[in-house]
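Everything numeric in this text was worked out from a predicted model, so none of it was measured.
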Amino acid sequence: SSGFEQTLTKYQAQNCKGCPLRSFCHKSKTNRIIEINHPLNRYRQIARERLTSEEGVKKRKSRPQEIEAVFGILKQNHGFRRLTLRTKSKVEIEVGLHALAHNFRKWAALLLYKPTNIPLLPITHYQTA
């Protein structure tokens with residue numbers, strides 16, 4: 001239904017009639033049949049190895065500290081639910097403007113609530129000839 005092809009392998013038990021664990025194993029009247037997607041299991045194993053590696057654990061620890069909080073704030077607090085522009089270049093501009101607005105909000109909040117702890121940048125004057 002999703003358009004992705006899957007390769008499933010079906011396995012059927014030979015004889016379950018006299019097995020004492022049959023009621024725990026399955027409730028079918030025929031022998032038990034299981035389907036296994038070996039390529040999917042291989043991809044899952046690769047993903048599991050990457051996630052549990054030293055580098056994977058390090059990246060997962062830093063994940064909540066990065067961009068997800070910003071998207072949550074934009075969606076929940078500022079009502080940014082849908083992009084209004086189309087094409088990649090316009091979407092980049094729109095997301096950039098939302099990110100810029102988010103950074104300005106953070107900066108303004110810092111200035112309002114902790115004005116003494118923020119080093120202000122010097123204003124540079126340029127002379128024109």
Original post:
Above 12 or not: heavy atoms from other molecules or residues under 6.0 Å from CD of Glu49?
Top reply: yes
Original post:
For Arg105, does the CZ atom sit with more than 12 other heavy atoms under 6.0 Å from it, leaving out its own atoms?
Top reply: yes
Original post:
Quick one: hydrophobic cluster around Ile93, which other residues, with the 4.5 Å side-chain cut-off, linked directly or via members?
Top reply: Leu97
**OP:** Find the distance between NZ (Lys27) and CZ (Arg22) and round it off to the nearest 0.5 Å.
**Re:** 11.0 Å
**OP:** Could you walk me through whether Lys59 and Glu55 pass salt bridge (charged side-chain N to carboxylate O under 4.0 Å, His left out), step by step?
**Re:** CA-CA 6 Å; Lys59 286 184 178 182; Glu55 183 181 354; 3.3 Å; yes
**OP:** Flag yes if Ile34 and Leu40 sit in one hydrophobic cluster, no otherwise; membership is Ile, Leu, Val, Met, Phe, Trp, Tyr, and two members link when side-chain heavy atoms are under 4.5 Å apart.
**Re:** no
**OP:** Each residue besides Phe24 in its hydrophobic cluster should be listed here, by chain and number; the cluster joins Ile, Leu, Val, Met, Phe, Trp and Tyr at side-chain heavy-atom distances under 4.5 Å.
**Re:** Leu21
**OP:** Find the distance between CD (Glu5) and OG1 (Thr7) and round it off to the nearest 0.5 Å.
**Re:** 7.5 Å
Subject >> Pairing residues for Glu35 by the salt bridge (charged side-chain N to carboxylate O under 4.0 Å, His left out) criterion, not counting sequence neighbours >> reply: Lys10
Original post:
Please walk me through it: do Gln12 and Arg32 pass side chain to side chain contact (heavy atoms under 4.5 Å, CB included)?
Top reply: CA-CA 6 Å; Gln12 183 174 7; Arg32 182 176 182 182; over 6 Å; no
Subject >> Approximate separation, where rounding is to 0.5 Å, of Ile33 CD1 and Tyr11 OH >> reply: 13.5 Å
**OP:** State, without any angle test, whether Arg42 and Gln45 hold a side-chain donor-acceptor pair at a distance under 3.5 Å.
**Re:** no
Subject >> ring-ring contact (aromatic ring centres under 6.0 Å, His included) contacts in which one or both residues fall within residues 29-63, not counting sequence neighbours >> reply: none
Original post:
With a 4.5 Å heavy-atom cut-off, do Arg81 and Gln76 have their side chains touching?
Top reply: yes
Original post:
Going only through I, L, V, M, F, W and Y residues with side-chain contacts under 4.5 Å, is there a path from Leu74 to Val95?
Top reply: yes
**OP:** Each residue besides Leu8 in its hydrophobic cluster should be listed here, by chain and number; the cluster joins Ile, Leu, Val, Met, Phe, Trp and Tyr at side-chain heavy-atom distances under 4.5 Å.
**Re:** none
Original post:
Would you say Arg60's side chain and Leu51's backbone share a donor-acceptor pair under 3.5 angstrom?
Top reply: yes
Original post:
Any sub-3.5 Å donor-acceptor pair from Asn31's side-chain atoms to Gln14's backbone N or O?
Top reply: yes
Original post:
Between atom CD of Glu94 and atom OG of Ser89, what is the distance when rounded to the nearest 0.5 Å?
Top reply: 11.5 Å
Original post:
Does Ile73 sit in a hydrophobic cluster with other residues, and if so which ones, taking ILVMFWY side chains as linked at heavy-atom separations under 4.5 Å, directly or through other members?
Top reply: none
